[in-house]
Peer 1: 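Dropping a structure here in structure tokens format, bear with me for questions.
Note that the coordinates shown come from a computational prediction; the quantities given were computed from them, not determined experimentally.
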Amino acid sequence: MFRKILLWSIILCTISCSKETLKKQYDRIITASGPEDIVLDVKNDRLIVSCDERRDDKPDIGVLYQISLTSDESKELNMINLPSIPFHPHGIDFQTVNGTDYLFVINHYGDALQTNGIEQFKINEDNL
């Protein structure tokens, strides 16, 4: 009987301790609405997240966010020289081509023709 009580005590303590540990490991990091995909940018210690709000009652917003791996700071990633086209990022992928880092972004334009494309951005520390 003592062994059963001891065993159940250990099991219950382990479960209880595990729940407390999980609670301490969880943090919420805020991004723009509609986060869709995420990639790791090791050189710049950040995650890049594609965000696109698609709900009818919300404003049309398509952006890329960066989340610092050292501070958990989350902010919009500036895109330099983006042509004046609708930007609705979906899937993203990080690739190094001939020593240069690029972010490839599937863009659902959202126009009447249902045009889609893949945008290629050179990755810099502060912008694309």
Peer 1: Suppose the criterion is salt bridge (Lys or Arg N to Asp or Glu O under 4.0 Å): which pairs have a residue in residues 81-90, not counting sequence neighbours?
Peer 2: none
Peer 1: For residues Cys51 and Pro89, report the shortest heavy-atom separation together with the two atoms involved.
Peer 2: O-CG, 3.5 Å
Peer 1: State the CD1-CD1 distance between Ile67 and Ile38, to the nearest 0.5 angstrom.
Peer 2: 5.5 Å
Peer 1: Determine, using the 4.5 Å side-chain heavy-atom cutoff (strictly less than), whether Tyr65 and Leu69 are members of one ILVMFWY cluster.
Peer 2: yes
Peer 1: Between Ser68 (side chain only) and Ser71 (backbone N and O only), is there a donor and an acceptor less than 3.5 Å apart?
Peer 2: yes
Peer 1: To the nearest 0.5 Å, tell me how far Asp45 CG sits from Leu40 CG.
Peer 2: 9.0 Å
Peer 1: If the condition is salt bridge (Lys or Arg N to Asp or Glu O under 4.0 Å), which residues does Asp37 pass it with, not counting sequence neighbours?
Peer 2: none
Peer 1: Running the 4.5 Å side-chain criterion over Ile, Leu, Val, Met, Phe, Trp and Tyr, what cluster does Val105 land in, apart from itself?
Peer 2: Val39, Ile48, Leu64, Leu77, Met79, Leu82, Phe87, Ile92, Phe94, Leu103, Phe121, Ile123, Leu128
Peer 1: Closer than 3.5 angstrom, by distance alone: can the side chain of Arg46 be matched with the main-chain N or O of Glu125 as a donor-acceptor pair?
Peer 2: yes
Peer 1: List in chain and number order the residues that pass salt bridge (Lys or Arg N to Asp or Glu O under 4.0 Å) with Lys43, two or more places apart in sequence or in another chain; answer none if no residue qualifies.
Peer 2: Asp101
Peer 1: What residue pairs, at least two apart or across chains, pass side-chain hydrogen bond (donor to acceptor under 3.5 Å, both in side chains) with a residue in residues 76-85?
Peer 2: none
Peer 1: If the condition is side-chain hydrogen bond (donor to acceptor under 3.5 Å, both in side chains), which residues does Gln95 pass it with, not counting sequence neighbours?
Peer 2: Asp93
Peer 1: For Ser74, check side-chain hydrogen bond (donor to acceptor under 3.5 Å, both in side chains) against everything at least two apart and list the hits.
Peer 2: none
Peer 1: Which residues pass the side-chain hydrogen bond (donor to acceptor under 3.5 Å, both in side chains) test with Glu119, sequence neighbours left out?
Peer 2: Asn107, Tyr109
Peer 1: Only counting residues at least two apart or in another chain, list the ones meeting side-chain contact (heavy atoms from CB on, under 4.5 Å) with Thr100.
Peer 2: Tyr102, Lys122
